[in-house]
Amino acid sequence: MNDKTIATGVVHEVPEDLQKALIANPTVLEKWNSLTTLARNEWICWTTIVKKSETRKEHINRLREDLLKGKKRPCCWPGCPHHRPNAKKWFKK
(Lines give C-alpha, C1' and ligand atoms only; values in the text may rest on other atoms or scores of the structure.)
Protein backbone atom coordinates (compact mmCIF):
# COMPACT_ATOMS: atom_id res chain seq x y z
CA MET A 1 0.00 0.00 0.00
CA ASN A 2 1.19 3.49 -0.70
CA ASP A 3 0.80 6.22 1.90
CA LYS A 4 -2.49 7.49 0.40
CA THR A 5 -4.29 4.14 0.23
CA ILE A 6 -7.14 3.91 2.71
CA ALA A 7 -8.36 0.42 3.51
CA THR A 8 -12.12 -0.09 3.86
CA GLY A 9 -14.40 -2.12 6.11
CA VAL A 10 -16.50 -5.22 5.46
CA VAL A 11 -19.84 -3.49 5.00
CA HIS A 12 -18.90 0.18 5.03
CA GLU A 13 -16.82 2.40 2.78
CA VAL A 14 -14.70 5.12 4.38
CA PRO A 15 -16.66 8.41 4.18
CA GLU A 16 -14.97 11.54 2.86
CA ASP A 17 -14.65 13.32 6.22
CA LEU A 18 -12.96 10.27 7.75
CA GLN A 19 -10.69 9.92 4.70
CA LYS A 20 -9.49 13.51 5.18
CA ALA A 21 -8.80 12.88 8.88
CA LEU A 22 -6.82 9.73 8.12
CA ILE A 23 -4.76 11.29 5.33
CA ALA A 24 -3.96 14.29 7.53
CA ASN A 25 -1.77 12.16 9.81
CA PRO A 26 0.48 9.48 8.23
CA THR A 27 0.84 7.63 11.55
CA VAL A 28 -2.92 7.40 12.00
CA LEU A 29 -3.30 6.23 8.40
CA GLU A 30 -0.67 3.56 8.90
CA LYS A 31 -2.39 2.30 12.05
CA TRP A 32 -5.77 2.41 10.27
CA ASN A 33 -4.50 0.34 7.36
CA SER A 34 -2.98 -2.21 9.74
CA LEU A 35 -6.36 -2.94 11.39
CA THR A 36 -8.42 -5.93 10.36
CA THR A 37 -11.26 -5.37 7.93
CA LEU A 38 -13.79 -6.04 10.70
CA ALA A 39 -12.11 -3.56 13.06
CA ARG A 40 -12.17 -0.85 10.37
CA ASN A 41 -15.82 -1.65 9.77
CA GLU A 42 -16.56 -1.12 13.48
CA TRP A 43 -14.79 2.26 13.48
CA ILE A 44 -16.59 3.41 10.33
CA CYS A 45 -19.99 2.40 11.67
CA TRP A 46 -19.28 3.92 15.10
CA THR A 47 -18.33 7.19 13.41
CA THR A 48 -21.20 7.38 10.95
CA ILE A 49 -24.18 6.01 12.91
CA VAL A 50 -24.52 9.16 15.03
CA LYS A 51 -27.14 11.76 14.12
CA LYS A 52 -25.45 15.07 14.94
CA SER A 53 -22.55 16.42 12.91
CA GLU A 54 -20.88 17.64 16.12
CA THR A 55 -20.95 14.11 17.53
CA ARG A 56 -19.56 12.74 14.29
CA LYS A 57 -16.63 15.19 14.46
CA GLU A 58 -16.02 14.13 18.08
CA HIS A 59 -16.02 10.48 17.03
CA ILE A 60 -13.52 11.14 14.24
CA ASN A 61 -11.24 12.98 16.67
CA ARG A 62 -11.53 10.18 19.22
CA LEU A 63 -10.87 7.58 16.51
CA ARG A 64 -7.58 9.31 15.66
CA GLU A 65 -6.60 9.60 19.34
CA ASP A 66 -7.50 6.00 20.10
CA LEU A 67 -5.59 4.64 17.11
CA LEU A 68 -2.51 6.58 18.21
CA LYS A 69 -2.91 4.98 21.65
CA GLY A 70 -2.93 1.55 20.01
CA LYS A 71 -6.63 0.77 20.37
CA LYS A 72 -8.06 -1.52 17.73
CA ARG A 73 -11.82 -1.00 18.15
CA PRO A 74 -14.18 1.59 19.60
CA CYS A 75 -14.70 1.24 23.33
CA CYS A 76 -18.14 0.44 24.72
CA TRP A 77 -19.59 -0.30 21.28
CA PRO A 78 -21.98 -3.25 20.86
CA GLY A 79 -20.84 -3.73 17.27
CA CYS A 80 -22.01 -2.77 13.83
CA PRO A 81 -25.75 -3.46 13.53
CA HIS A 82 -25.25 -3.75 9.77
CA HIS A 83 -22.85 -6.67 10.21
CA ARG A 84 -23.81 -8.23 13.56
CA PRO A 85 -27.56 -8.95 13.75
CA ASN A 86 -27.48 -9.37 17.55
CA ALA A 87 -26.14 -5.79 17.91
CA LYS A 88 -29.33 -4.36 16.37
CA LYS A 89 -31.12 -4.52 19.73
CA TRP A 90 -28.95 -1.61 20.96
CA PHE A 91 -30.07 0.75 18.21
CA LYS A 92 -33.42 2.42 17.71
CA LYS A 93 -35.08 1.87 14.38
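Note that these values count all heavy atoms, side chains included, but never hydrogens, waters or copies made by symmetry. By convention here, the first residue in the shown sequence is residue 1.
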Handout entry: For R64, all residues meeting salt bridge (charged side-chain N to carboxylate O under 4.0 Å, His left out), sequence neighbours excluded
Key =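 Salt bridge (charged side-chain N to carboxylate O under 4.0 Å, His left out) check on R64 returns nothing, list empty.
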Handout entry: Partners passing side-chain hydrogen bond (donor to acceptor under 3.5 Å, both in side chains) against T37 (at least two apart in sequence or in another chain)
Key =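 side-chain hydrogen bond (donor to acceptor under 3.5 Å, both in side chains) list for T37, sorted by chain: R40.
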Distance from [X] atom [atom1] to [Y] atom [atom2], nearest 0.5 Å?
{"X": "L29", "Y": "I6", "atom1": "CG", "atom2": "CD1", "value": "6.0 Å"}
{"X": "I23", "Y": "Q19", "atom1": "CD1", "atom2": "CD", "value": "6.0 Å"}
{"X": "T8", "Y": "I44", "atom1": "OG1", "atom2": "CD1", "value": "6.5 Å"}
{"X": "K51", "Y": "R56", "atom1": "NZ", "atom2": "CZ", "value": "14.5 Å"}
{"X": "H59", "Y": "K52", "atom1": "NE2", "atom2": "NZ", "value": "11.5 Å"}
{"X": "L63", "Y": "L22", "atom1": "CG", "atom2": "CG", "value": "6.5 Å"}

Check side-chain contact (heavy atoms from CB on, under 4.5 Å) between [X] and all other residues, then give those that pass, not counting sequence neighbours.
{"X": "T27", "result": "N25, K31, L68"}
{"X": "R62", "result": "W46, D66, C75"}
{"X": "P26", "result": "none"}
{"X": "K20", "result": "E16"}

Using modelled atom types only, decide if a donor and an acceptor are shared between the side chain of [X] and the backbone of [Y] within a distance under 3.5 Å.
{"X": "W43", "Y": "L38", "value": "no"}
{"X": "E42", "Y": "P74", "value": "no"}
{"X": "W32", "Y": "A7", "value": "yes"}

Practice task
Kindly indicate whether the side chain of L67, heavy atoms from C-beta on, has any atom under 4.5 Å from the side chain of E30.
Solution key: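 A side-chain contact is absent here, since even the closest heavy-atom pair is not under 4.5 Å.
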